[in-house]
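One structure is given below, encoded as structure tokens.
Everything quoted here is computed from the prediction, not taken from an experiment.
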Amino acid sequence: MAVEDEYYDPAGFETSVDALGHDHTDVAEYRALADDLRETVRGEVDFDEYAQVLYATDGSIYQARPAGVVCPHDIEDVRAAVRVAADHDTPVIPRGAGSSLAGQAVGPGCVVLDMTRHMDSILDADPDGQTATVEPGVVQDHLDDHLAEWDLKFAPDPASSNRATIGGGIGNNSTGAHSVRYGITDAYTEELRVVLADGSLTHTREIVLDSPEWESVTSGDDREAELYREVRSLVEENADEIEAKYPTLKRSVSGYNLQKVIYENDIGEEVINLSKLFVGAEGTLGVIVEATLALVSKPETTALALYCFDDLVDAMEAVPEALDFDVSAVELMDDEVFRLASESTEFAEYAEPIPEGTAAALMLEFDSELCDEFEDAIAATNDFFVENGAAFDVLEAYLPDEQADIWKLRKAAIPLLMSLEGDPKPYPFIEDATVPPEELAVYVQEFEAVLDDHDTSAAYFAHAGSGTLHIRPILNLKEGEGIEAMHSISEDVTSLVLKHNGAFSGEHGDGLARTEFNPKMYGDQLWSAFQDLKLAADPDRRMNPGKVVYWDDDPADMREHLRYGADYASLEPRTEMDFGEDGFSHVVELCNGCGTCRQTDSDTMCPTYRASKEEIQATRGRANMLRAAISGELSEEEMYSERFQEEVLDLCVGCKGCMSDCPTGVDMAKLKAEVKHDYHEREGTGLRERVFANIDSLSALGSALAPLSNWGPKLPGARAAMEQTLGIAAERELPHFERESLEKWFDARGGSKVPLADAEAKVLLFPDTYTNYSNTKPGKAAILTLEAAGVHVEIPDGVVSSGRPSYSKGLLDLARERAETNVAALESYVTDDWSVVFTEPSDAVMFQDEYLSLLPDDEATHRVASAAYGILEYIDVTRLDEAIEFDEPQESISYHGHCNQKAMNKDHHAVGVMRRAGYAVEPLDTGCCGMAGSFGYEAEHYQLSQAIGNILFRQVEQSDADGVVAPGTSCRTQLGDRPGESAPRHPIEKVALAIAR
């Protein structure tokens, strides 16, 4: 059963470089290869410098420019691409989300096959047989969502499952937190279709040895037959070495799976299944184009117990005992993870319950398939861990939301660690070494000694129950000394792992990081067998070369192809805004490539990627392009080229979602504003940008001239003329102007109805441009609601536009000027305990966040920022609504929060207030609406704006609520532009309507 892509709308927006009118000239070195690929492949072929930069990195510490990228439509495209690459003697690398941590998805001069753009369908699901057949680009969470109706799931669960693909997971032999219960990917991969190095297609499955089927498969002289014969021979000839050298662990993903490819089936027949061999081969033996997977039942319920220890070794010593209980996961987090989470905007709330003094915590999960009574199961573990004094505290979580919070904290560990300030980072290179759980405590102490010898430290977290600890030494890989320390630590740790009968990799694979050490782990005989296997499948050594195996004429060295090497240097530009002690380049370099911005089913980030599925439109893509521009990978002037501005920067909608959703906090909206400012300084500012930046003046004039100003755009030809002269999309409804502004209305009513002397609080309602001149209803509702709670309200004199429009356009001088004016006008008020309240979320966030970057050293700015609130944030924080008597409206509402407020973790306040006002509220899991201030009005962005909006529209339509509310002007405009729909209300209007009269 095929599954249509939920977001991509080819009838609406289909982004491409050609659609933007730019000539993407192929890099001359690869032009002939690109031409031949275009003649034979239906999918996109991109061999220009931008494509090379975008696909030069993954989630690892490595970087190597490919020749170019092909996005195949189907199996035949893959076969054609592999054949053409062979004709040109060019390496091939299949790639999923690019979230791999060992450098599997990067390589110099290769053809990257991006399997995520088109080959992402679920082809069949068989709930009775508990199998699913998928294309390699299917995201694992999407598969699990599809299987949920039958209470089934794919068992391996990597932390990156919200963007990692099934193909990538198979290539890596992925696993996750529940390997204690379920094992790893090779156990669930039943059949594969694989394109071999010569472009031939093989179907791997269980074949009974010496059966007629075996004879049929091996009788030919083709690549498939040779591979089957060679594999059987290698396994049989090396049986004793396989028995001796392969670790007996739940997790061991280094090398090739020779130990698993021949086995007895359920009825005792000896079978060979090359599927087990391609799992974990990292694309070095062929390209996986289809997979049939075994599924498991999904436990109906789960519970968690988080045991807190005051010493890391004590926690490690408790792991074997934890495994004596019926647990489905045993995970570890240390105090460094807790510290970083507590300092993170997104994860602070999840770290808050962790008791002070917790040096390490073991998280035990129980599920309903293993435990009848969770309370009894956890009581038993409490008796063991807490009562005997091993752990000093325990947090129990039985509700799904409580458990989700703990899991979010655990899954955030890797990217959170990469957010450390400065050049030294906790880098992944030996972080998934695995030892038997009963040896963990000793192993950790010996690992600490290795770190001491190299004068560094590390964070500890991950899958303690399987003996896999993600230990990341903190090093500076921009220095030769740090690079050599990395190599030396790897030598020491691999020796330590061998001593403990472990595996160099228990989860993240070999890649560029650990292939060098495979001969050390497996010995000469098996190493030679690996090479023979590679040559049987890939005689020319073109399939993802340098991973899993290597040859003496081209040795593997983990110190090569580093993203940050000893020669790395970045330009630190003079900036208008404050970027902290480490500066602009540090914020760019915070992107570690983990690919969180590629998720398409939840959270705020990244709306343009969710609509287009183009790597350049993900935050990672933009950060990689900026890093290339400031580090000399691109020419010095490229950042100021028309193409860079339009493709890299202009398509960022400034939603700020990356500020919170990116675990390392890459604030692309801020980076964009800074670079756009520099661009304007060099190239000048266009008429449309000046118009939008000064929309407050235009709106004031429109209000003064209303209703005449509302008739002008409706005249014949007016809209077309505006599109031709200003580039404002003719399809958009322009703002309506009200003759009586909010300020005039407030003065006419005689100001506040609550005398200052009798007031419970005093508030300044900021007269934002749209509320003041185009839609005064939210402002009036805010005033009425505040007054109902006994608040004295004033509209301040002397303020101007918040500066949000000018900031968004990169006109930072103007934005700063307006910030200075507003701070000067409001400082005396906030010093006298007035609060400043906004109905427009983006203006509130402008005060709360951007003002601090524009005026970082001004104490008055900090005081004003601290006194600034969104209207519903203010009501919720102060609990003012508890003083208001509400009717009980029999109405359900779906709530679309504003992306800027989500980025500041402030969008939830509206939900609480509306619920206390009597509404049944369903918060929608939505990101940016796609309007994004002026973005949706711009003709060249209209289709992308609509494609982003379609994601929101579907969620609204799927809701059972009576209606929708949205606090943002842009959001209400976007929702109101749907055919046959009117703009929804601001949530404060709903609150005001519920006040008892």
Side-chain angles (χ1 to χ4, degrees), residues 58-64 100-104 106 172 245 247 249 251-255 282 414 417-418 423-435 439-440 443-462 467-523 527 530 546-550 552 554-566 592:
D58 55 7
S60 71
I61 61 177
Y62 294 101
Q63 174 174 296
S100 51
L101 291 168
Q104 289 92 333
V106 299
N172 208 49
K245 295 292 187 180
L249 298 166
R251 297 160 166 259
S252 177
V253 301
S254 291
E282 302 183 2
I414 288 178
L417 287 166
M418 294 305 293
D423 288 333
K425 302 284 186 188
Y427 284 114
F429 56 93
I430 196 65
E431 88 288 358
D432 64 328
T434 301
V435 299
E439 301 191 39
L440 267 178
Y443 170 72
V444 165
Q445 293 176 74
E446 293 174 335
F447 201 116
E448 285 280 356
V450 171
L451 296 176
D452 288 343
D453 288 344
H454 291 86
D455 194 27
T456 188
S457 60
Y460 295 78
F461 63 98
T468 304
L469 286 186
H470 293 336
I471 308 176
R472 295 191 164 204
I474 298 174
L475 299 170
N476 183 359
L477 296 187
K478 293 181 180 179
E479 297 177 350
E481 183 179 346
I483 295 169
E484 292 307 314
M486 175 181 70
H487 192 260
S488 179
I489 290 171
S490 296
E491 288 281 12
D492 291 346
V493 171
T494 50
S495 297
L496 187 60
V497 171
L498 282 180
K499 171 185 171 183
H500 289 280
N501 303 305
F504 296 170
S505 176
E507 181 172 17
H508 297 152
D510 296 325
L512 294 169
R514 283 177 286 275
T515 293
E516 174 184 353
F517 301 101
N518 275 340
K520 180 177 181 178
M521 177 171 172
Y522 289 105
W527 179 245
F530 288 173
K547 284 77 168 193
V548 186
V549 294
Y550 62 87
D552 291 342
D554 188 17
D557 189 331
M558 69 177 301
R559 293 165 291 189
E560 295 181 350
H561 304 302
L562 293 172
R563 187 187 308 186
Y564 302 111
N592 62 11

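Looking at Asn501 and Pro247, their side chains never come closer than 4.5 Å, going by heavy atoms from C-beta outward. For the pair Arg472 and Lys425, the minimum side-chain heavy-atom distance is 4.5 Å or more. Inter-residue side-chain proximity for Trp527 and Tyr550 is flagged as met; some heavy-atom pair is nearer than 4.5 Å. Between Ile489 and Thr456 there is a side-chain heavy-atom pair separated by less than 4.5 Å.
The structure places CD1 of Ile471 at 12.0 Å from OG of Ser457, a figure rounded to the nearest 0.5 Å. Here the OH-CG distance, from Tyr427 to Leu101, works out to 13.5 Å after rounding to the nearest 0.5 Å. Note that the CE atom of Met558 and the CD atom of Glu491 stand 9.5 Å from one another [nearest 0.5 Å]. Rounding to the nearest 0.5 Å gives a distance of 8.0 Å between CG of Leu475 and CE of Met486. Here the straight-line distance linking atom NZ of Lys520 with atom OG of Ser490 works out to 9.0 Å at 0.5 Å rounding. Here CE of Met521 is found 6.5 Å from CZ of Phe504. Values are rounded to the nearest 0.5 Å.
Remark: side-chain polar atoms of Asn476 are not paired, donor with acceptor, to backbone N or O of Gly482 under 3.5 angstrom. Counting only distance, with no hydrogens or angles, the side chain of Glu479 and the backbone of Leu477 share no donor-acceptor pair below 3.5 Å. Listed for the Tyr443 side chain is no donor-acceptor partner under 3.5 Å among the backbone atoms of Leu496. Using a distance-only test at 3.5 Å, with no hydrogens or angles considered, a donor-acceptor pair links the side chain of Gln104 to the main chain of His508. Judged purely by atom type and a 3.5 angstrom limit, Arg563 uses its side chain to pair as donor or acceptor with the backbone of Asp58. Side-chain atoms of Asn172 come within 3.5 Å of backbone N or O of Glu507 as a donor-acceptor pair.
One finds no salt bridge joining Asp432 and Arg251 here, because no Lys/Arg side-chain nitrogen approaches an Asp/Glu carboxylate oxygen to under 4.0 Å.
Residue Ser254 is tested with Thr515, Thr434, Asp510 for a side-chain hydrogen bond (donor to acceptor under 3.5 Å, both in side chains); the sole match is Asp510.
Tyr460 and Phe447 have perpendicular rings, their planes meeting at more than 60° on a 0 to 90° scale where under 30° would count as parallel. Using cut-offs of 30° and 60° for the angle between ring planes, the Phe461 and His470 rings count as perpendicular.
By the 6.0 Å contact criterion, CG on Asp455 is open, its count of non-hydrogen atoms from other residues, nucleotides or ligands being 12 or less.
Among residues two or more places apart in sequence or in another chain, the side chain to side chain donor-acceptor pair (under 3.5 Å) test is passed with Gln445 by none. Residues satisfying the side chain to side chain donor-acceptor pair (under 3.5 Å) test with His454, not counting sequence neighbours, are Ser488. Residues passing the side chain to side chain donor-acceptor pair (under 3.5 Å) test with Asp453: none are found, sequence neighbours excluded.
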